[in-house]
Amino acid sequence: EPSTEIPYGDSDFVVVANRLPVDRDPDDENRGWRTSPGGLVTAVAPVMKAQEGAWIGWTGVADEDFEPFTIDGMHLSPVTLTSEDVLRYYEGFSNATLWPLYHDVIVPPEYHRTWWDAYVRVNERFAAKVAEVAAQSATVWVHDYQLQLVPQMVRRLRPDLAIGFFNHIPFPPYELFAQLPWRDEILRGLLGADLIGFQRPADAANFRRAVRGRLGYATKGSTVSVPPGDFLPAHLVRAEPFPISIDTPYLEELARDPKILERAKQIREEVGNPRVVMLGVDRMDYTKGIRHRLKAFGELLAEGRLDVEDVVLIQIATPSRERLEQYKIIRHDVELAVGRINGEQVDVGSIPVRYLHHSYPRDEMTAFFLAADVMLVTALRDGMNLVAKEYVACRRRDDGALVLSEFTGAAEQLKGAVMVNPHDIADLKAGILEAVQMDERTRTRRMKQMRKRVATDTVSRWSKNFLAELEHIKDNPESIVPE
Ligand code: ADQ
């Protein structure tokens with residue numbers, strides 16, 4: 001029985017994420033906020049509008065309190081972060097501890113007790129906000145690695161709620177996860193949820209193995225039995241894969257737009273109309289394998305296996321987490337590599353790598369996807385990688401080839417890609433050449449196969465599946481009792 005002392009809120013559906021789906025825009029004098037369109041918004045906005053929904057998150061502005069506000073029919077409930085929270089909870093524990101730890105320790109994670117304290121404190125703030133806005137028996141959907149303690153905190157405050165959690169990044173193998181000084185707290189935090197979603201089956205399996213190894217709880221299939229304790233009664237938790245996807249119909253619509261098709265042609269002209277345009281689109285992050293990609297491309301040119309007359313690589317890298325040391329290093333390394341490849345050329349007119357350190361609107365991104373014959377996705381580790389799926393969705397003529405790292409979640413769905421191990425530069429080079437030289441019939445066959453997949457696996461289906469499963473668990477708790 002839910003405690004009657006808690007004043008319930010009005011929202012039947014609550015999304016909780018580190019960031020609200022808005023950016024401050026002082027130029028927009030009407031509201032001061034601009035919606036930042038992303039996959040998650042697309043996925044949950046219809047549910048938010050259909051039910052009395054709310055989104056809890058940070059505005060991106062530190063040290064300022066904001067009142068709840070409504071934008072595009074979504075009720076937003078801001079959580080305040082101080083500059084110190086940003087430093088310790090966000091840049092520190094989330095992005096310099098958890099992010100590298102969960103991505104195979106590509107760079108060494110840093111463990112600082114002050115960062116952990118801030119992580120706990122901020123997670124408590126998010127949980128308190130959920131308890132305040134959620135209506136009785138509401139559904140709460142918590143997102144991503146910044147908020148892994150929120151499920152347990154919410155369950156303690158509001159046992160009446162159905163709590164789902166989705167992890168957008170990988171969940172590491174036990175041997176790596178075990179490094180974390182606060183590993184047990186994180187596992188208990190997540191186990192406050194009724195349903196925990198991961199990108200790949202392997203991520204869910206890694207999580208269940210950590211639960212068995214650290215906490216000694218029994219698991220059967222995807223179900224974890226959590227014994228009573230920590231002020232909570234015994235309960236069952238499901239940990240399962242729910243691979244995220246993209247808004248395919250929207251991208252296909254953009255890819256049909258004559259203005260965008262014209263812009264794609266123009267982009268090809270602007271880079272000198274080469275026979276082959278290759279493209280990379282990533283956040284500037286050490287997990288994305290941009291350095292490895294450039295190394296492979298540079299060697300192929302130097303060895304004359306690719307001809308500078310024939311190919312151009314457009315590398316778009318969105319600025320990301322720029323105050324963190326490891327992000328300064330990756331940017332420096334990428335820029336050095338680009339300069340080196342372009343500097344090796346003898347002809348003043350030869351610029352094989354066109355490097356853009358910017359973010360672009362959706363229309364322009366679509367034009368880039370349409371302009372590219374070969375898409376390079378070479379992440380060293382990536383939860384899913386939406387860029388790979390976006391490229392496929394835009395190729396309405398079933399042309400173009402995708403080079404895809406086997407270390408992305410997307411590799412499990414896009415079987416028509418040229419699969420590569422980006423750590424193996426020789427393999428990466430062979431993959432790039434295979435994509436460049438692939439005959440038209442093979443390209444068409446493989447792209448068709450991949451397009452079929454993204455046509456059915458859309459982000460709205462992803463959120464429907466997740467929420468349906470959560471609903472089902474809530475309505476039939478006995479249905480998940482392991483036989
Ligand atoms: P990210 O690490 O950010 O996401 P990704 O899945 O590729 O990686 O999503 C990036 C998004 O940003 C894509 O929609 C892409 O088009 C867009 N983008 C990238 N560069 C851009 C630019 N210069 N201008 C405009 N848009 C740009 C995390 C996980 C992933 C997981 C997603 C979703 O790391 O593994 O797929 O969440 O769960």
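Whatever order the structure lists them in is the order used to number ligands and atoms, beginning at 1.
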Fill in: Atoms of ligand 1, numbered as shown, that sit under 4.0 Å from any heavy atom of Trp99
34 (O)
Fill in: Residue-ligand contact Phe166/ligand 1, heavy atom below 4.0 Å
no
Fill in: Heavy-atom proximity to atom 38 (O) of ligand 1, best of Met365, His168, His103
His168
Worksheet entry | Working for side chain to side chain donor-acceptor pair (under 3.5 Å), residues Gln146 and Tyr119 | CA-CA 8 Å; Gln146 302 93 349; Tyr119 187 79; over 6 Å; no
Practice prompt. Classify the contact between Phe368 and ligand 1 as side chain, backbone, both or neither, using a heavy-atom distance cut-off of under 4.0 Å.
Written response: neither
Item to complete: Note the single closest protein heavy atom to atom 17 (C) of ligand 1, along with its residue, its atom name and the distance in Å.
Response: Arg362 NH2, 3.9 Å
Discussion item. Between Arg209 and Glu175, does any side-chain N to carboxylate O distance fall below 4.0 Å?
Written reply: yes
Fill in: Geometric N/O contact Met384 with ligand 1, under 3.5 angstrom
yes
Worksheet item: Would Thr97 and Glu110 count as having a side-chain donor-acceptor pair, cut-off 3.5 Å?
Response: no
Practice prompt. Scan Leu261, Leu254, Asp257 and name whichever one has a side-chain contact (heavy atoms from CB on, under 4.5 Å) with Thr366.
Written response: Leu254
Worksheet entry | Between Arg293 and Thr378: side-chain donor-acceptor atoms closer than 3.5 Å | yes
Worksheet item: Any idea which protein heavy atom is nearest atom 10 (C) of ligand 1, and the distance to it?
Response: Val387 CG2, 4.6 Å
Discussion item. Quick one about Arg446 and Gln449 (side-chain donor to acceptor, distance below 3.5 Å, no hydrogens or angles considered), yes or no?
Written reply: no
Worksheet, complete the sentence: Checking Trp99, Tyr102, Phe177 against Tyr145 for ring-ring contact (aromatic ring centres under 6.0 Å, His included), the one that qualifies is Trp99
Worksheet item: Are any of the N or O atoms of Thr318 closer than 3.5 Å to those of ligand 1?
Response: yes
Response to the item:
closest protein heavy atom to atom 25 (C) of ligand 1 is Tyr360 O, 3.0 Å
Discussion item. I'd like to check which ligand 1 atoms, numbered from 1 as shown, lie under 4.0 Å from a non-hydrogen atom of Gln199.
Written reply: 31 (C), 38 (O)
Worksheet item: Does the side chain of Asp424 come under 3.5 Å of the side chain of Asn421 through a donor N or O and an acceptor N or O?
Response: no
Worksheet item: Considering only heavy atoms, does His358 approach ligand 1 within less than 4.0 Å through its side chain, its backbone, both, or neither?
Response: backbone
Discussion item. Tell me if a side-chain donor or acceptor on Arg183 pairs with a main-chain N or O of Arg214 at a distance below 3.5 Å.
Written reply: no
Discussion item. Out of all atoms in ligand 1, which are within 4.0 Å of some heavy atom of Ser359? Include the element for each.
Written reply: 22 (C), 23 (N), 24 (N), 25 (C)
Worksheet item: Is there any N or O on Gly383 that sits under 3.5 Å from an N or O of ligand 1?
Response: yes
Discussion item. Under 4.0 Å from atom 15 (C) of ligand 1, can you find at least one protein heavy atom?
Written reply: yes
Worksheet item: Quick one: nearest non-hydrogen protein atom to atom 6 (O) of ligand 1, plus distance?
Response: Leu386 N, 2.8 Å
Practice prompt. Run through Arg275, Arg443, Arg268 and flag the one making a side chain to side chain donor-acceptor pair (under 3.5 Å) with Asp373.
Written response: Arg268
Worksheet entry | side-chain contact (heavy atoms from CB on, under 4.5 Å) partner of Asp194, the single match among Leu470, Val140, Leu161 | Leu470
Practice prompt. List the closest protein heavy-atom neighbour of atom 3 (O) of ligand 1: residue, atom name, distance to the nearest 0.1 Å.
Written response: Arg283 NE, 2.9 Å
Discussion item. I'd like to know whether ligand 1 has Lys288 as a neighbour, heavy-atom separation below 4.0 Å.
Written reply: yes
Item to complete: Note the single closest protein heavy atom to atom 35 (O) of ligand 1, along with its residue, its atom name and the distance in Å.
Response: Asp382 OD1, 2.5 Å
Worksheet item: Does atom 12 (O) of ligand 1 have a protein heavy-atom neighbour under 4.0 Å away?
Response: no
Discussion item. As an exercise, identify every atom of ligand 1 less than 4.0 angstrom from a heavy atom of Ile316.
Written reply: 23 (N)
Worksheet item: If every non-hydrogen atom of Ala204 is compared with every non-hydrogen atom of Phe198, which pair is closest and at what distance?
Response: CA-CD1, 3.5 Å
